[in-house]
Amino acid sequence: MKPLLPPLNALRAFEAAGRLGSFKEAAAELHVTQGAVSQQVRTLEEWLGAPLFERQHRGVALTAAARAYLDDIGPLFAHLAQSTSRYGLPRAAPRGLTINASATFALRWLVPRLAAFRAAHADVEITMDTSNEPVESLTGEYDLIVRGGPDTFYGYVMRPFLTEERVPVCSPALKQRGRLRAPADLERHTLLHTTSLPRLWPDWLAKAGLPALRPASSMTLDHFYLTIQAAIDGVGVAVAPSALVASDLEAGRLVMPFAGPRLPSRSYCTYVPEAREGDPLISTFRSWLEAEGALVAQLRKPRRKKIHEQPDA
């Protein structure tokens, strides 16, 4: 025997489409595709053994029998919604996660990846502050803090998740136009500096064996993300954290004009208050950060050159 109740998802799709007079608007209300609404209506028509809509050139229209059917079931859906609102259990409140990270790290690395975390954890509300203050100087309460390390702070549990090196980078057009083949060629270029890290270029040039090199010009910016953007735009050559420009190198927005040298750098670490160490949500987010950091490290591994690749002319 056929069950007395029709498929409820199909019935819901029919009610919305009939009430709104549009499969497209019904799909938007139900948060499904228009094709899904059409399929559900077709399922209900097969169950009933009768058509519900007349397919017309500019849309659909209810049959006379379907209009009477909708008049009968429409109030039932409204009553169900009212009853659920009155007697249903309240929805769980969204879970919150408060994070503090440096502006450059947040802009260049963390924010572009948050969509993936949100896709897997849509019920998590993230609040992010940016600052460069040391962990022990922060006055706000945070579930997780991202800073360099590894360092030890009383009352916090530290775990590293992302390693990097400092490497020269520039736009592909600048490398080709400026014929950057060796570190000594930097004397014909603009070197980009960052106020907070004034030793980057001096340390790199010393390691390259060129401590006395004088570039054609210099430009100093007050934030690292501005320095990186200036390099992308072809303004000059920057020494940048490899982790924060990994996606730009992969996409070809930046290139490394020289194979080396590379300056060692501190790792990025998470610092979680000891009192919140066992929180499942914080643990989930920290594990996600570590997985993303491992992926970046994998992308940074040098690829073997193909036989047909030629050196720059």
Side-chain angles (χ1 to χ4, degrees), residues 97-118 121 124 126-138 140-169 194-200 203-204 221-229 231-232 238-251 254 256 262-274 276-277 279 281-301:
L97 190 64
T98 57
I99 302 168
N100 187 289
S102 70
T104 298
F105 174 81
L107 179 66
R108 301 289 310 178
W109 197 92
L110 182 54
V111 170
R113 290 169 168 79
L114 279 181
F117 181 83
R118 290 278 298 153
H121 306 277
V124 177
I126 295 176
T127 300
M128 186 184 305
D129 291 343
T130 60
S131 71
N132 292 319
E133 294 181 48
V135 171
E136 70 272 23
S137 299
L138 291 172
E141 292 188 6
Y142 299 100
D143 297 313
L144 183 144
I145 301 166
V146 177
R147 288 293 187 274
D151 290 325
T152 300
F153 298 103
Y154 177 77
Y156 288 89
V157 178
M158 180 278 302
R159 275 172 39 181
F161 70 93
L162 181 64
T163 60
E164 67 176 10
E165 300 167 307
R166 307 287 171 84
V167 295
V169 293
T194 304
T195 303
S196 58
L197 293 165
R199 292 296 311 169
L200 280 182
D203 290 347
W204 188 89
L221 300 104
D222 62 345
H223 290 291
F224 223 145
Y225 57 81
L226 295 177
T227 304
I228 296 172
Q229 188 60 50
I232 291 173
V239 175
S242 57
L244 301 192
V245 296
S247 59
D248 299 296
L249 292 169
E250 188 73 14
L254 288 173
M256 292 170 51
R262 300 179 177 222
L263 289 178
S265 178
R266 285 154 59 85
S267 299
Y268 285 98
C269 303
T270 54
Y271 296 88
V272 173
E274 288 180 348
R276 304 178 194 178
E277 171 65 10
D279 184 283
L281 177 55
I282 297 175
S283 298
T284 296
F285 188 78
R286 184 165 54 183
S287 296
W288 173 77
L289 283 177
E290 291 167 358
E292 289 292 314
L295 181 60
V296 170
Q298 188 68 26
L299 290 175
R300 288 209 315 268
K301 287 185 178 180

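One-based numbering along the sequence shown.
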For the side-chain contact (heavy atoms from CB on, under 4.5 Å) test, which of Leu289, Thr163, Leu244 pairs with Tyr268? Leu244
Would you say [X]'s side chain and [Y]'s backbone share a donor-acceptor pair under 3.5 angstrom?
X: Ser137; Y: Glu133; answer: no
X: Thr270; Y: Arg286; answer: no
X: Thr194; Y: Leu197; answer: no

Closest non-hydrogen atom pair between Cys269 and Gly149, with its separation: SG-CA, 3.7 Å
Shortest non-hydrogen contact from Leu226 toward Leu221: CB-CD2, 3.7 Å
Report yes if the side chains of [X] and [Y] come closer than 4.5 Å at any heavy-atom pair, otherwise no.
X: Val146; Y: Tyr271; result: no
X: Ile232; Y: Leu254; result: yes
X: Leu138; Y: Ser131; result: yes
X: Pro160; Y: Pro150; result: no
X: Ile99; Y: Phe285; result: yes
X: Leu162; Y: Phe105; result: yes

Would you check, one step at a time, whether the test side-chain contact (heavy atoms from CB on, under 4.5 Å) holds for Gln229 with Arg108? CA-CA 10 Å; Gln229 188 60 50; Arg108 301 289 310 178; 4.3 Å; yes
Run the side chain to side chain donor-acceptor pair (under 3.5 Å) check on Thr127 and Thr98 step by step: do they pass? CA-CA 5 Å; Thr127 300; Thr98 57; over 6 Å; no
Could you walk me through whether Met256 and Leu249 pass the side-chain contact (heavy atoms from CB on, under 4.5 Å) test, one step at a time? CA-CA 8 Å; Met256 292 170 51; Leu249 292 169; 4.0 Å; yes
Going from CD1 on Ile145 to OG on Ser102, what distance comes out if it is rounded to the nearest 0.5 angstrom? 12.5 Å
Spacing of CD belonging to Glu136 relative to OH belonging to Tyr154, to within rounding of 0.5 Å: 14.5 Å
Go through the steps to decide whether Asn100 and Arg147 satisfy the test side chain to side chain donor-acceptor pair (under 3.5 Å), and finish with yes or no. CA-CA 9 Å; Asn100 187 289; Arg147 288 293 187 274; 2.8 Å; yes
side-chain contact (heavy atoms from CB on, under 4.5 Å) for Leu97 and Met128? Distances and angles first, verdict last. CA-CA 8 Å; Leu97 190 64; Met128 186 184 305; over 6 Å; no
Please test Val245 against Ile228 for side-chain contact (heavy atoms from CB on, under 4.5 Å), starting from the C-alpha separation and ending with a verdict. CA-CA 8 Å; Val245 296; Ile228 296 172; 3.9 Å; yes
Checking side chain to side chain donor-acceptor pair (under 3.5 Å) for the pair Asp222/Thr195: CA distance, chi angles, key distance, verdict? CA-CA 5 Å; Asp222 62 345; Thr195 303; 6.0 Å; no
Assign the ring pair Tyr156 / Phe153 to parallel, tilted or perpendicular, where the plane angle (0 to 90°) is split at 30° and 60°. perpendicular
Salt bridge between Glu141 and Arg276, side-chain N to carboxylate O under 4.0 Å? yes
Are Arg166 and Asp203 within salt-bridge range, i.e. N to O under 4.0 Å? no
